[in-house]
Each structure stands twice: as structure tokens, then as C-alpha cells.
Participant: 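Here it is: the structure, laid out below.
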Amino acid sequence: MTAPAQETAFDPGMAATRATDAILRDTLHGPHRGVVVDSPPGAGKSTLVVRAALELAAAGRPLMVVAQTNAQVDDLVVRLAEKDPELPVGRLHSSDADPYDKALDDLPNVRKSAKTADLAGLDVVLSTAAKWAHVKTDEPWRHAIVDEAYQMRSDALLAVAGLFERALFVGDPGQLDPFSIVGSEQWAGLSYDPSASAVTTLLAHNPGLPQHRLPVSWRLPASAAPLVSDAFYPYTPFRSGTAAGDRRLTFAVASDGSAPDRVIDEAAESGWGLLELPARYTPRTDPEAVRALAAVVRRLLERGGAAVSERSPDPAPLTAGRIAVGTAHRDQAAAVRAALADLGVTDVTVDTANRLQGREFDVTVVLHPLSGRPDATAFHLETGRLCVLASRHRHACIVVCRAGVSELLDDHPSTEPVQLGVTVKFPDGWEANHAVLARLREHRVGWKP
Amino acid sequence: MDKAALADALGAPSAFGQSQFAFMRGNAFEARVKADGGAELLRLAHRKLDPGAEPPQEAHVPDLTAQGPDGRTARTALALREATGAGGWTLLDHPMLALEVAGSPAFLEPDAVVVHPDGGWTVVEIKSFPMLDGSADPAKVGAAARQAAVYVLALESVAARLDPAPRVRHRVLLVCPKDFSNLPTASAVDVRKQRAVTARQLTRLTRLQDIADTLPEGVCFSPELPPEELTAAVEAVPATYAPECLAACELAFHCRTRSRARGAVTTLGRSVRAELGGLSTVDDVLAAARGEAGDPDDPAVAALRRAAALRAEALASAGRGSACH
Amino acid sequence: MSLIATLARLEAVRAGRAQPAATVRHRHLSERPLVLVPLTTAGEAGAPLGALVGPDRHAPRLLAVPQPRDRDLRFAFLAELADVVLPYIDSCALAVEAAERTETDPESGKRVKVEVELCADAPQLIVPSRAGIDFVRLLGRSMRFRRTAEQDPQTPHPAPPRVPLLGRWLTHFGERARVPGSSLLLALTDVLARHWTTGQSSLEDQHLGALLAWISPPEGASGAEAALRAELARDADGQLECPPAGPATDPAFDNKLLAPAIERYDRARTALAAAEDGLQADDRLGALTAAERGIRALVEECALPTWEKVWDGLDLLRALPEGAHVEERWTRDRWSFTGHRDRVLAGEPPQPRRDDAVTAANKLAAREREQARLEAQEALDDPLVMAGRRLAGEAFAGEVTDVVMAYSEGRRPSPRPLVTVRTDDQPHLGERARVYRSLDGRPQSAEFVAYEEDGAEGTLITLRILDKMGRGKEPAAGSVPDKGDRLCFTLFEHEQRGGAKLPDPEQTPWTHGGPPDEESAPEAPDPVTEEDVL
């Protein structure tokens, strides 16, 4: 029994359970053909997908799962097999070379095939949207789960929606939007604009569908959730699942007083660090910024970090596998990898925002997308990119940036065109960038390398 | 300040001006939208923004005339307060609002403001570009939305002084001619984004006084000044030319000439600088590309040299078969 | 903007004239294109002021609307335009050749080859600028729903049948212009800017006069000077010496010349209407005709410089050799043209105001495919384009330093030779990445095996050739590179795969609103109201 006094206090576990229960109730027993779930970073989306899949399978409803990339499909297959090794699972794959992760070959109850017929009768069949689009069937699946639905384009949903009767759509509205390599303005404002996200189209045609939200981020620490929620989810806020003291990052080796060490200490203490280099216009692969990123990563490893969290009350060593470097461009990632290799650092994940989507680390070191740029293009202002980079960490995020980005933003005021009838996606990239910078500045360490 | 006259006097006249056809058509359209005490306008507001409210029967259109901008602003605030409690539809035709910009009051005159029966306020923008099959030129709609966002902020400052503060709606009403006709049609435009951006800009805007402080004493922009003095005066104001200015500012051709004379690469477009790093003039970039200057360890310089070599190789090989040979 | 393009712009600034952006012509140019220079009335949607149009440089047809806000005069203009454009289109629709197309047999559901007609040529419409393309779409939209007296005897302003027909054709041209690489409807500024890089911004390149000034500046002047003159120079009357390429006119032209002329016309018309006898009427008709001639002269004066420039620009483009794949893309345009011709002949209704969900998705998919095709083909046809892809790490060129014969494992080993290429390029090659080279016009694929730094000599890249070597145990002659060959491999594919088939519109799923309304009523014409004319 809950005492009245406790009802007002926020219990993240309870809030998350309530949300999950409502989602599963609507999915399994609700009258609607579709259920939409918005999941902020680290809110347990994959856990939800796996649990929903198992419950649907247990209820005897043949299930197809649609994900957007092969890596996402393989990841879900592995998670399903972990939860229920007995479950008969089908992995539908393309006929290209190396179509799926070899790890699936070790799973006895996972059948792999490029043909749907080979997978008939299995409880759950998973594949990418691109592969499902080629599938023809006379007997639609009773149920589908569409994962990363906000990253799926409306036309991709059009190609597969005939395959299922009902579906659970899950995704993160704050991450990178789908895009098209050609103009699609002529359809802007149409409910079924093929270049819009699948969820936008779905809700435009089915406004009455239940929409749920996972209210708690288990990944982001108490220090990060408010910033990410305010800047990127201003109208659908979420909270951290952990409290201020639940996570601690400590280092065995004391600071040597250098800027990298000071920013590491600031980030360990407050969850955020801004290592600010002197203002300067630079090429994308700014050598000083690249060296700064590498130096921070090396010091993170050298100083013998240890992470304490609700998951491991005993300090867990901060190893290379628990650190990631995020950039906007591939050539930047390549330059950082090279710089790390020169320092003898390997096994640290270095990748672009696109490829870091859905991943989780203890500490991330991020090259700010606007650092050193003489211009602020729509690409660099896209909120999804910054949101992905700023929401991959469980403990701390260190941003490396040239000074002067605020002034750059002021010189490039937002003059986005507006299409009539298009639901506004929030927030504005210009405004979100300003908001994040204003908060990061509180954790600034200047460095003249 | 009359920037067009200034540009003429500087010897770099602009291609600006408005066709009298467009002007007449715009005026005639606005008059048509507001005819009959704004009956059509309120009907559109009801249908597009507030279909749940009682339909407008008889529009209340208060007289807003007063002496000077301060007087009109006060008159508008009074009319808004009266209309808010009245429980019906009210149309404010060309109200006047004040907004603090960089420490100084700026007076704004929206086309119209509608007060709903529930006491909420809506900004109305009347534009003469068409809505064709429900869509309109996105650049023009974007500009209208940014303009409306400023009005929304100004209205919010009026609302904040009332108790209880009325709701200023963040969906504004954009009224345009329908298809090829002169009949009004309307669309609700969500300006929350533009409002947030404008609010941030207002807090970050260099105070006008600060701009003035950086100018030499006695600087004056009168077009009657001799051209040399005038040029010197305009040069004293910091401005960054980019080609986008050509469509927006009467002084752009003047700034372009200066920008070209400096050899600024951004004269060719802002994006030109994207991969040039610290190099900012035509001479510097070409010298770096040709290997005459620049640090080869600078990635921008290295990339330029590779680009120059690849371009030269391609041009030399042109006409000698396919791309691969 | 790629660094190679940036460099070209800066070199153009330095040289004072445009620099090549391509070494071959990447768009088809018809031997007999139809040039259209339209002018429109400021502030009004779809109110044409006039046009110069025709396939003969020396005989443009001048069309003018003496009072653009008069609906009847506007309609007369459109009918006249149809008189020029439709015969031109028909001249291409008649000559056909036999072709094959793969279709799905409705009975068996199998893919079968069917014999069909393909028009031997297609019409090509050239407008001066991108705004001209938008105007063609706008004209198409304003005409295609017009009703003829036959369709609707009650309609107050019946259109001659050729007007809605022209509307459908212009709509088709406007839609086709959105397909990357298509050439049915081209904006000259876009095509010129594709082939030359000027010393001004791409925004300024949309001014046809300024763009041409950079590409071929007059004797003794730099491109920058000539472009400035094209942008700003005015005569004693305050009129631009190089009028804008339309369809919008210069405000000074509107206010100083056009408005008084239209006023004269209006007065003469009112006077004629008030004439009390035949003699007076004759007199006043003369005045009206003179006023009308005055407006026609103004329209001609305003459009003729652009007309000449368009043909000059076409001459410049014709001097470039045509890219190898241009013909193939033009054949796709011919298919598109033939398809629309057949839809018109079959009596299908005009294109709807808005695409349905399935049509929109199909169009988007087709355009994305064409964009990828265009990018690949332009690079294969043009070393300068390929240079950009090499700089971006999407292709590499170099000399073969070693070839080692190897075979696949299995019961019937096939040749899988290892080829090593030395290159100075820096391609982004992932593990087992696929690369392609053109072998007699067809893509041969290879698999990335290993990198090796070769000191100052560049990088050695080892590849395994995978296909196009014949069926035998020994590779077919010429199918494996030799030591010393210079090759270029791309990381992008040369040919595009077709996408997944979308459902038929009648099968539109619930997520996209379900099937469109049963046999939806034909699109209603735009209502004509008295308010249209102020």
C-alpha cells in the first residue's frame, strides 16, 4: 500500500512499469490497430520490444518485427534468444554477401533464410524494412512490431503495412530524421508525404491511436536528463531513472592540472565537461581539436577510472570498451581513430552520430558539430545529430569545441522555410544548439594547446 | 533610415522597388479580407483555429485611432483588455504593439489581431501570395511566420500585464488568396519554433547602444553627404556580406563591391568557406592550392592541393576517352 | 560545395571568366527545341503578361495580354500558346519505333515482354531560368481542369479543347523536370551552371545575363564587369539594359512603361465601348489597336534580349561533346513522353491536384533511383566529375602493379584474380567493400582485400575481381586487367536496382488512409468568380 505522502514523490521504476503495462495492455488487448510509443534515449526501448514480442508470441499471435538496419535486427534477435532460448525465431535476410551477424549461427532456435517460405510457422520473424518490402503474402501476420519507427520513412511503411493487421510502433522522436536524396517539397503538407517519418503519416491518418511515452531514461544520469529533455524534448519531458548520488565516476590517478584532466574532473563531478579551444575557423578535421579529443580519451584510460552505479555497486573499471568518441562526419571519426592509434589507444569506439544511434557507453567524448565551422548549415544544426551525441552516456559527456559557436549561431539566424500543413517538429535546431551551449558553458575548461 | 536612397548615393543602386501591380493587388486583397467589419476574416479564424467556439455573428471592431505610436499602443492595450472579457469575437484592425528590442522600444503594426470568445488572442497575417491547392511558397510562409512570432511576443508582453493573463495563441492565422482567385483562404501556422528563436535572439541581440558605441563619433548616414564621407560612414558599421543579402537589403550591391575588393571568399557564398579552414581570401586559397603558400600539414591546405591536382589531371585528360583513363 | 568546385570558382574570379565544371555535355539537347520566354504580371498568380515562343531562333512567336487581369484576354493568350506548343508536341508524337517493355501479365501475374510503340523523338522545352519551370507548372495547373463547352455546356467561360490539353502537357513537362537527369524541360541557367563555374555565387548564377557574361564576356571586359552591367546597367529611361529573364519583370518596367500603356489600353477600350456610331467606333478601334500594339512592343522589348540569350546559351552548350550516357537518359525521357501521349490518347483524366499516397511514393523512389543513376553516369562520362568523387574518397584511380591468378573454392573453381593497384587517392574502403570498374561499358565488381602503404609512391590496394570473366576456368580474354593498365574503381554502383513494388492504389493500407475514394469524381474546375478580376 502506498502512503499518500509517497504518491507525490517520483518513483521512476513505478512510473516506467505503469507505462509499460499500459503499452502491453493496449498492444495485446486494445481495440486499436496501432499503438505508438515514444522512447527518449535509454528509456528501455529494446527491453520493451523484446518483452512485447515474447508476450505476443506467448499469446499465439504470429509476429513480424520490422527494424531499419541489419545491425538492429541482429541485435533484437540476440536479445530475444537471450530472454527465451526456446523461442522459434526466424531471421529473414537479403541475398547479399554477409547478410547477418555470424553470432546468430550459434543460436540453435534461430532459423536464417532469404526466403519467407523457409520461415513459415515460426513464432517471430525479424527483418529490415527494406527486405520486408519484397515479401508477398496472402495471409498477413496478426501482429507487427516496428522498431525505430521515427527513423523509418513513410514510403517504407507503405511498402510493408499490407503484411500485418496490427502493429506496435516504437521509436525515439528526438533522433535523426529520415531523409531523401532528392527534393520532396511537392508533397509537403500531405498526410502521406512519402519522405516524412512513418509515425507522422500513421498518426495523421489515425489520430485516435493510443500514444504512450516511456517516461524514464535509465541510461542518462540525473545530471544529463534535464539538459537533454529540455533542449530536445521540450514538449515531452522525461526524467532520469537514477538520482544524483546513484552514479559516481572516480579516478585512481589524480589530476596533473592539465586542461584534459581538469575537464575530466569537471565531467566526473557534474556529468558534463566543455573543453573549449581558442576561437578559430578550421577545416572539418581540425588537427588541434582531434588531438584534444585523443588526449582526453588517453587520460580517461591512463587515470584508472572506475564507475559506480546502481548496476554495479562495486566500482567497475572504465575500460576502452566503455568509452566512445562521437563526431558529425566520417572523416573526423577517421582522423580521431588515427590520432588514437598514434597514442597507442585501441578498442575505443569512434563513430558518427548516425552510427552511434541506439548505443550506450559510460563516458562519451564528443566533437561539437559546429566547432571551428565558418558556417552553420542545416545539416549541422539538425537537432537529432546533437541529441544523439549528447545522450549516449551513463556517467559523463565531454564536449570538445572551439570558442565562438554562439556568435556563429547569431550570424546564422534560423530562417527555415515553412510548409503549410506540416506538423512542426520540435525543437528548432538553432534554438536547441543555443540552449545546449548555454548549459555546457557552466562546465567550461579553456585550453590553449 | 532609407537604405535605397543611401545605396543610390553610394553609387551602388539596388534592383529594389515594388511593382505597382503587386502593390495595388496587395492592398485590394487586404481590404477585401477585412470588408464587412471583418466578417470573412472572423469566419476563417473560427473555422481554422477555433471551430469549437460559437460562430461569429457580429464582429466587434473597436476604433484604435490615437495620437502617435505611444498613444496607439495604449489604445490597443485598452481595446485588448476590453475585448478579452467581452466573450465574443473582436477584430483589431492594424493595432499597434511595442516590444523592447536591445533596450529600445520598437513599435509594431500587425495586419490584425483577433480576440476569441474564450479571451484568447490570435495574430493575423494577410499576404498576397497565393495558396495553391493548400500549399504556398515555403520561403514566404517562413518569413510570415517569423514576422508573426515577433507580434506574438509583443502581444505576450501586453497579456502579461493583465490579471489573469489572457492566452496568446501560438498558432497564427495566415490569410492568402485562394488558387488563382482573389478569394481569401487561410491556414493555421504553428509559430512556436519561430517564437522561441525570436525570444532567444532578443536576449542575445547586441544592444543598439552597443552598436552605436562602436561607431566613430558624429557618424551620419544622410544620403546628401559627399560619397567619400558616406562610404566611410557606412564602412564603420560592421556587416558581413553574403549573397543572400542581395534579395534582402538595398545596400547589398555596395557591400558586395567591398567584399569583392577585400577578396573575401564568402562573396561567392557562405558554404564556400566550409572546407577552407582559416583561409578566407581568394589569393590565400589559390596560393595554398598552388603550393606557393600555406602549411602542408594543415588539412585544409593538403585537401586543396589534392583538389587542385585532381582537377588539373582531369582537365588535361578530357577528350582522351572515358573518365577512367 | 566540393573543394574542386570551390577551387574552380576562385580560379574564375582570378581569371575573370568562367571555368569548366564539366568536360562533356551532361544533358540532351534536341536539334529543334522549343524555347519559351514567359512574362508574368507582378502580384498575380497565373496571370501571364506575354511570351516569346517557338522552335526557330529567327521567328519567335510574340504573344501578349494587353490587360492581364481580363480573364478573356488571358484565355485567348493560352489558346494562342496552345497553337504553338501542341503542333510542336504532335510533331514528335507521330514518328514511332517498335520497342519491348516488361509488364506484369494480369492473368498469370508473370513478367512478360510486350511489344509497344516508343516515340522516335521527344519534344524539348527550354525556359530561361528555374522560375520559368515553376511558371510552366503554374500554367499547367491553371489550364488542365478547364472545361470545354463539350464537357459542360453550362460553363460560363468554355475553353477551347486545346487549352486543357496544353495544361496536361505542361503539367507533364513540369513533373518530368523534377526527375534528375531528365531533359524534357530544362532551365537554361541550371544547365549552363552545371557545365561552367563562374566567379560569382550560385545564387547570382540564376541571373541568365550575368551567368552568360561570365561564360563568354564581351571583348575587353572581365566576367565580373560584364555581369555587373547585366545586373544593374540602366538606360536613360531608368530601364534595365538586360531585362530579367522572367517570368517576373523589373518593377521599373512595370511602373514606368507597362502601367501607363495598360492604362492607355483600358481607356481606349472604354472609349470604344462608349462609341455612339460606326465612324466613331472605327476611330476608337484604331486607338485601341494602337494601344494594344504598344503593349505588344513592350512585351517584345522585354523578352527579346532573353530570347537571344537563351539561343546563345544553347550554342555554347552544343559546342560541348555529348556525354556517353546522355543518350540512354534521353531514351527514358522518350518513354516518359510516349507514356503520357498514350494516357492522353486513352482518354484518361488530367493529372489530379495532388498525388495519392502510392503515386507519391513511387515518384519519390523513381527520382531517388534516377539521382543515383545520374551521379554514377556523370562520373563515368566525365573525368572532372570523377575527380570530385575521387577527392571525396568514393573512387580511386591508379596503375595496376601486380596480377596474381587465384580461384574460388568449391567443386567448380572460378577465376578470382587478385589485382594490385597503386593510387594516390584515399578511398574510404571498409572490410570486404565492393568496388566497380567499367569494362566495355558494363560494371565489373571486385572486393577490397588489403591496403599497403607504399611510401611516397602512394597506396597499394589489392582487390579480388569477382565477375564478368566468363564461365570457363580461364577468364575470358580482356576481362582481367594487365600489369601497367590504368584503372578507375568506384565505391558506388554503376547501375541501379529497381526498388520494391508498392501496393496498387486500391490496396493502400490503413496506415496511409486506406484506398482513395471509390472512382473519385473527376477533379472540379477552379470556380470562376467575379472577384477574380479586381
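All values reported here derive from a predicted model rather than from experimental measurement.
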Participant: Does a side-chain heavy-atom distance below 4.5 Å link C:His26 with C:Arg329?
Facilitator: yes
Participant: Measure A:Asp193 against the heavy atoms of chain C and call it side chain, backbone, both or neither at under 4.5 Å.
Facilitator: neither
Participant: With chain C, which of A:Leu203, A:Leu190, A:Val135 has the greatest number of heavy-atom pairs at distances under 4.5 Å?
Facilitator: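 Going by pairs under 4.5 Å, I would pick A:Leu190.
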Participant: So which part of C:Glu175 gets closer than 4.5 Å to some heavy atom of chain A, the side chain, the backbone, both or neither?
Facilitator: side chain
Participant: Let me know which of C:Arg373, C:Arg27, C:Arg389 forms a salt bridge (charged side-chain N to carboxylate O under 4.0 Å, His left out) with C:Glu378.
Facilitator: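 Single salt bridge (charged side-chain N to carboxylate O under 4.0 Å, His left out) partner of C:Glu378 among C:Arg373, C:Arg27, C:Arg389: C:Arg27.
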Participant: Is the shortest heavy-atom distance from the side chain of C:Tyr407 to the side chain of C:Pro415 under 4.5 Å?
Facilitator: yes
Participant: Given that the side chain runs from C-beta out, which part of C:Glu368 has a heavy atom under 4.5 Å from chain A: side chain, backbone, both or neither?
Facilitator: both
Participant: Given that the side chain runs from C-beta out, which part of C:Leu502 has a heavy atom under 4.5 Å from chain A: side chain, backbone, both or neither?
Facilitator: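 The side chain, not the backbone.
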Participant: Find out whether C:Arg9 and C:Val13 are in side-chain contact, i.e. whether some heavy atom of one side chain is under 4.5 Å from a heavy atom of the other.
Facilitator: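 Of all side-chain heavy-atom pairs linking C:Val13 with C:Arg9, none is under 4.5 Å.
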Participant: Find the one option among C:Thr508, C:Val358, C:Asn362, C:Asp356 whose heavy-atom pairs under 4.5 Å with chain A are most numerous.
Facilitator: C:Asp356
Participant: Any idea which of C:Gly393, C:Ala372, C:Gly499, C:Ala360 has the most non-hydrogen atom pairs under 4.5 angstrom with chain A?
Facilitator: C:Ala360
Participant: Of the listed residues (A:Ala159, A:Ser154, A:Gly34), which shares the most heavy-atom pairs with chain C below a 4.5 Å separation?
Facilitator: A:Ser154
Participant: If only side-chain N and O atoms count, and only distance matters, is there a donor-acceptor pair under 3.5 Å linking C:Arg168 with C:Gln351?
Facilitator: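 No donor-acceptor contact under 3.5 Å links the two side chains.
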Participant: For chain C, which candidate among A:Ile181, A:Thr201, A:Leu202, A:Val160 shows the most heavy-atom pairs at distances under 4.5 Å?
Facilitator: A:Ile181
Participant: For chain C, which of A:Asp331, A:Leu157, A:Val182, A:Leu158 has the most heavy-atom pairs under 4.5 Å?
Facilitator: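 Highest number of heavy-atom pairs under 4.5 Å: A:Leu158.
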Participant: For A:Asn206 and C:Trp510, test the side chains for any donor-to-acceptor distance below 3.5 angstrom and give the result as yes or no.
Facilitator: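 There is no such pair between these side chains.
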Participant: Please flag which part of A:Glu165 lies under 4.5 Å from any non-hydrogen atom of chain C: side chain, backbone, both or neither.
Facilitator: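 It is the backbone, since no side chain atom gets that close.
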Participant: Output the distance between atom NE2 (A:His93) and atom CG (A:Leu104), rounded to the nearest 0.5 Å.
Facilitator: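 Separation between the atoms: 9.5 Å.
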Participant: Are side-chain N/O atoms of C:His172 and C:Ser336 paired as donor and acceptor at under 3.5 Å?
Facilitator: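 There is such a pair (donor and acceptor under 3.5 Å, judged by atom type) between the side chains of C:His172 and C:Ser336.
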Participant: On the six-membered ring of A:Phe164, is A:Arg33 placed so that its NZ or CZ lies under 6.0 angstrom from the centre and within 45° of the ring axis?
Facilitator: no
Participant: Considering only heavy atoms, which portion of A:Ser180 lies under 4.5 Å from any heavy atom of chain C: side chain, backbone, both, or neither?
Facilitator: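 Contact with chain C involves both backbone and side-chain atoms of A:Ser180.
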Participant: Side chain, backbone, both or neither: which part of A:Ala130 has a non-hydrogen atom closer than 4.5 Å to chain C?
Facilitator: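 For A:Ala130, there is no contact with chain C at all, as no heavy atom is under 4.5 Å.
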